[in-house]
Structure formats: structure tokens, C-alpha cells
Amino acid sequence: MRGLIQQTEQLKIELDTLKNMYETNAAPENRKDKSFFLKVKSETEPVYKLLTQWENNALEQIKKQNVTNVHPKQIVSTKENIELLLMHSYYIDVRRRRYMELHHSVHYVLNQLLRGLYKAANKP
């Protein structure tokens with residue numbers, strides 16, 4: 001459970017980094033530029049690995065019923081939303097309002113999960 005807490009906290013940090021990137025960077029001039037694609041791929045690969053581990057751990061904790069305030073479908077949707085945010089943060093190809101909706105949605109679920117994990121960890 002401790003590993004899942006750390007992974008969730010790390011994802012929150014990554015999300016804030018992505019949001020900052022979205023807000024400060026300009027869209028790439030050529031979206032089909034291979035060097036830009038390779039840069040994005042190398043920078044996002046560790047986040048994708050973390051995300052896969054997080055999803056597996058979160059679903060396992062929910063299955064064990066250690067966490068009851070988050071539904072498995074929320075975990076799957078949150079993973080998909082983080083993947084969207086990863087791409088939108090680099091390619092800047094979505095309106096700010098939509099980006100912020102995704103960002104807030106992901107943070108909400110991550111915070112819910114953390115509350116459930118802390119509650120489960122402090123059970124006698």
C-alpha cells in the first residue's frame with residue numbers, strides 16, 4: 001500500500017509539471033517532426049511506466065477492498081486521462097478549458113485514492 005501512496009504522490013507531481021509545460025510552452029511548429037516525437041517519447045516513457053504500475057497497484061488494492069472510496073472504472077479512466085494530458089502537454093492541441101477539466105478530474109481521483117489509502121492504512 002505504501003508503494004501505491006508513493007506512486008500516486010509522484011503522479012500528482014508529474015501532473016503539475018505537465019500543466020506548467022502546457023501553460024508555458026508553445027505548440028510545436030511541425031507536429032510530424034520526428035525529432036520532436038523522439039523527444040516526447042523519451043521524456044514521457046518513465047511516466048507511462050509509472051502509470052501502468054500505478055494502475056495495476058490501485059486496481060489490486062481496490063480488489064482486496066483496502067480502498068472502497070474509488071471504483072475500478074475511475075482508475076482506468078484516470079489512467080486514460082493522464083495519457084491524454086501527457087500528449088496535450090507537449091502538442092498543445094486542446095483548449096485550455098478542456099485541459100483544465102482533465103487536470104482537475106485526475107487530481108480529484110488521485111486525492112480520493114490517497115484518502116482511501118490513508119484511511120485503510122490507519123485501520124486498527
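- Listed here is the closest heavy atom pair of Gln7 and Trp54: OE1-CA, 3.4 Å.
- Side-chain contact between Leu11 and Thr8 is absent, with no heavy-atom pair separated by less than 4.5 Å.
- In plain terms, the two heavy atoms of Ala58 and Leu113 that are nearest each other are CB-CD2, 4.2 Å.
- Looking only at side-chain heavy atoms (C-beta outward), Gln74 and Gln112 stay at 4.5 Å or farther from each other.
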Query - Audit row: Glu14, Gln10, side-chain hydrogen bond (donor to acceptor under 3.5 Å, both in side chains) steps and yes/no - result: CA-CA 6 Å; Glu14 295 291 344; Gln10 183 62 41; 3.0 Å; yes
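- Of all heavy-atom pairs between Met87 and Tyr48, the closest is CE-OH, 3.6 Å.
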Report task. Could you check Asp93 against Arg31 for side chain to side chain contact (heavy atoms under 4.5 Å, CB included), going step by step and ending with a plain yes or no? Result -> CA-CA 10 Å; Asp93 58 354; Arg31 294 173 196 249; 2.9 Å; yes
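- Nearest heavy-atom pair, Tyr118 versus Ile5, reported as atom, atom and distance to 0.1 Å: OH-CG2, 3.5 Å.
- Under the 3.5 Å distance criterion, the side-chain polar atoms of Ser42 are matched with a main-chain donor or acceptor of Lys39.
- A donor-acceptor pair shorter than 3.5 Å can be found between the side chains of Glu43 and Tyr90.
- Residue Glu83 forms a side-chain contact (heavy atoms from CB on, under 4.5 Å) with just one option from Leu51, Thr44, Val47, and that option is Leu51.
- Scanning all heavy atoms of the two residues, the minimum distance from Val70 to Ile62 falls at O-CD1, 3.6 Å.
- Distance check, rounded to the nearest 0.5 Å: CD of Gln6 to CG of Leu50 gives 11.0 Å.
- Between atom CD of residue Glu23 and atom CG of residue Leu18 there is a gap of 11.5 Å, rounded to the nearest 0.5 Å.
- Every residue was checked against the salt bridge (Lys or Arg N to Asp or Glu O under 4.0 Å) condition with Asp16, not counting sequence neighbours, and none meets it.
- The shortest distance between side-chain heavy atoms of Glu101 and Arg98 falls below 4.5 Å.
- Residues Leu110 and Ile13 do not share a hydrophobic cluster, clusters being chains of Ile/Leu/Val/Met/Phe/Trp/Tyr side chains in contact below 4.5 Å.
- The aromatic rings of His103 and His107 sit perpendicular, their planes meeting at an angle over 60°, well past the 30° parallel limit.
- Checked by atom type, the side-chain pair Tyr108/Thr78 shows no donor-acceptor distance below 3.5 Å.
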Query raised in the report: Can Tyr91 and Phe36 be said to form a ring pair (Phe, Tyr, Trp, His ring centres under 6.0 Å), step by step?
Result: CA-CA 10 Å; Tyr91 288 96; Phe36 181 73; 5.1 Å; yes
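- Salt bridge status for Glu60 with Lys64: present, with a side-chain N to carboxylate O gap under 4.0 Å.
- The two residues Leu85 and Ser89 make their nearest non-hydrogen contact at O-OG, 2.6 Å.
- Side-chain atoms of Asn111 and Lys12 form a donor-acceptor pair, as typed in the model, at a separation below 3.5 Å.
- Atom OG in Ser77 sits 11.0 Å away from atom CG in Leu102 (nearest 0.5 Å).
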